[in-house]
Amino acid sequence: MNFTEFAAPDFDLVMTLNSGQVFHWQRARAGFVGTIGQYAIYAEQDDVLKVRFGGTPKPTRGTRVLPRIVAHYFALDHPLADICHSFPDDAVMNDARDFCRGLRIIRQPKWECLATFICSSMKQVAHIRQISLALRRCFGEQRTIDDRMVYTFPAPQRIARASEKQLGQCKLGYRAKNLRATAQLLTSGDSDLEAWSALPDTELGQKLCALPGVGPKIANCVMLFAYERLRAFPIDVWIERVLRQQYFARRKKITTRQLREFSQTYFGEHGGYAQQYLFHHARMNGRNGSAPSRSSGARSSLRKTG
DNA sequence: CTCCAGGGATGAT
DNA sequence: ATCATCCATGGA
């Protein structure tokens, strides 16, 4: 009933939404409810990707462009076979690639992505989901899709004028002042996320890192998930474990700087995709990364490190 | 370079 | 019911 259908080969909706890149989609019926920008969406997948739009006001005027918005958001145009083919050919990467078949790096709205990742620091995925949903419930606009309520992500202006206390009630802790300060920089016009799209990777990273609460890790997440910089390689504790244990198993003193240089060169032009596959594979399979687990131990498969 | 604040879910005892 | 563990940034 009323589905818009997409042929979506090489796309796995569940894995994509559960891979730690986006935090607001919630299970409903046979799929998920969430928002894409201002639109409330229900999405499920069997043979094809099926999407239903909801919400008030009803999307009558833009009906024809809505499918484009969905296809763009889920990055159905990414040449996944080519991307996977560009990964380095080593045992660790091959395992991750097989495991993550159909996982896509989606295109998130810039502010929503930045704000969510500012809130993600020192938090685990379960926490981030709660913070994201609390912010939306508190400050966003309510939409309905089928019988479910979802909330849009609040604009920077809304966050900027929220009180510390209100923000604190969303369980942000010390992140509240960073989020608010960043929102104020954006509303004042001192920083312009859209204009930064034109910047090369390095400059974009510097602009992002200058925002309160944004360091290298979060900057790289935002570059990868909102700016389509598919080389961006966020290094969190999971990825750091993978790199140290799988790629530098024999060496002792490897600095963060060295890991960063290695990740920028070794994983190639779609390093961000490689990172996401390694991250999701590690999170789903390794309890802490200390387990040798099945199939071959950690063999250091280094080629061309520098 | 090192040290440490920060806090709530999660899993182990 | 306690207890340990997980986590990124920024400032001392």
Side-chain angles (χ1 to χ4, degrees), chain A residues 18-27 108 110-138 159 162-186 190-191 193 202 204-227 229 232-245 251-261 263-264 272 275-276 278-291 293:
Chain A
N18 285 334
S19 66
Q21 59 177 313
V22 64
F23 304 96
H24 76 274
W25 292 89
Q26 296 182 290
R27 293 227 79 126
Q108 299 183 47
K110 295 179 177 58
W111 159 247
E112 174 180 320
C113 181
L114 170 64
T116 303
F117 276 94
I118 286 176
C119 299
S120 79
S121 81
M122 285 292 286
K123 288 290 179 194
Q124 292 165 280
V125 170
H127 278 220
I128 304 167
R129 301 192 92 97
Q130 292 175 31
I131 293 174
S132 166
L133 290 172
L135 281 175
R136 287 166 179 271
R137 266 197 275 268
C138 227
I159 298 294
S163 68
E164 297 270 348
K165 188 177 175 182
Q166 277 181 302
L167 288 172
Q169 289 176 352
C170 297
K171 306 179 179 183
L172 270 72
Y174 66 89
R175 298 157 201 81
K177 67 169 167 31
N178 289 334
L179 181 65
R180 193 151 169 273
T182 292
Q184 284 168 349
L185 285 174
L186 298 178
D190 288 346
S191 300
L193 295 184
T202 307
L204 174 58
Q206 288 168 352
K207 291 284 191 189
L208 290 169
C209 284
L211 298 171
V214 180
K217 191 268 179 182
I218 288 171
N220 276 305
C221 285
V222 176
M223 289 170 69
L224 180 59
F225 301 136
Y227 282 89
R229 307 303 169 100
F233 197 102
I235 300 179
D236 73 323
V237 290
W238 289 90
I239 284 296
E240 183 160 347
R241 272 198 291 261
V242 170
L243 294 181
R244 297 194 116 95
Q245 293 175 4
R251 298 214 230 159
K252 298 219 159 177
K253 311 230 168 176
I254 301 293
T255 64
T256 307
R257 174 107 184 100
Q258 285 174 298
L259 287 181
R260 216 171 281 167
E261 283 174 6
S263 69
Q264 290 300 304
Q275 175 275 156
Q276 195 64 18
L278 292 171
F279 173 83
H280 191 240
H281 185 228
R283 252 176 39 87
M284 293 300 107
N285 292 325
R287 286 162 297 285
N288 254 342
S290 57
S293 81

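Every chain is numbered from 1, with letters handed out A, B, ... down the list of sequences. The shown structure was predicted, so the numbers you read here are calculated from the model rather than taken from an experiment.
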Asks: To the nearest 0.5 Å, what is the distance between CZ on A:Arg129 and CD on A:Gln26?
Replies: 8.0 Å
Asks: Rounded to the Å, how far apart are A:Arg129 CZ and C:dC6 P?
Replies: 21 Å
Asks: May I have the distance from A:Ile218 (atom CD1) to C:dG10 (atom C1'), rounded to whole angstrom?
Replies: 12 Å
Asks: Assign each of A:Gly173 and A:Ala126 to its nearest nucleotide of DNA chain B by heavy atoms, then name whichever residue's nucleotide is nearer the 5' end.
Replies: A:Gly173
Asks: Just N and O in the side chain of A:Trp238: are any of them under 4.0 Å from OP1 or OP2 of C:dC6?
Replies: no
Asks: Inspect the surroundings of NZ in A:Lys110 and state if more than 12 heavy atoms from other residues, nucleotides or ligands are less than 6.0 Å away.
Replies: yes
Asks: Taking the minimum atom-to-atom distance to the side chain of A:Gln124, which one of C:dT9, B:dG7, C:dC7 wins?
Replies: C:dC7
Asks: How many Å lie between CG on A:Asp236 and P on C:dT9, as a whole number?
Replies: 10 Å
Asks: For the residue pair A:His24 and A:Ser132, what are the closest heavy atoms and their distance?
Replies: CB-OG, 3.7 Å
Asks: For the pair made of CZ in A:Arg175 and P in C:dC7, what is the distance, rounded to whole Å?
Replies: 13 Å
Asks: Please figure out whether A:Tyr174 or A:His127 has its closest DNA chain B nucleotide nearer the 5' end.
Replies: A:Tyr174
Asks: To the nearest 0.5 Å, what is the distance between CG (A:Asn220) and CZ (A:Arg260)?
Replies: 8.0 Å
Asks: Applying the Watson-Crick and G-U wobble criteria at under 3.5 Å, what pairs with C:dA12? Answer none if nothing qualifies.
Replies: B:dT2
Asks: Is any NZ, NE, NH1 or NH2 atom of the basic residue among A:Lys217 and A:Glu240 found under 4.0 Å from an Asp or Glu carboxylate oxygen of the other?
Replies: no
Asks: Assign each of A:Val237 and A:Val214 to its nearest nucleotide of DNA chain C by heavy atoms, then name whichever residue's nucleotide is nearer the 5' end.
Replies: A:Val237
Asks: Take atom NZ of A:Lys177 and atom C1' of B:dA5, then tell me their distance rounded to the nearest Å.
Replies: 10 Å
Asks: Taking atom C1' of B:dA5 as reference, at what distance in whole Å does atom CE of A:Met122 sit?
Replies: 9 Å
Asks: Given C:dT9, B:dA9, B:dG8, identify the nucleotide with an atom nearest to the side chain of A:Lys123.
Replies: B:dG8
Asks: Grab the CG-P distance between A:Asn220 and C:dT9 for me, whole Å please.
Replies: 9 Å
Asks: For A:Leu211, which contact category applies under a 4.0 Å heavy-atom criterion: base, sugar-phosphate, or nothing?
Replies: sugar-phosphate
Asks: Where the side chain of A:Lys171 is defined as all heavy atoms beyond and including C-beta, which of B:dA9, C:dT9, C:dC7 is the nearest nucleotide?
Replies: B:dA9
Asks: Quickly work out the A:Leu208 CG to C:dT9 P distance and round it to whole Å.
Replies: 12 Å
Asks: Counting only Watson-Crick or G-U wobble pairs whose two distances fall under 3.5 Å, which nucleotide matches C:dT2?
Replies: B:dA12
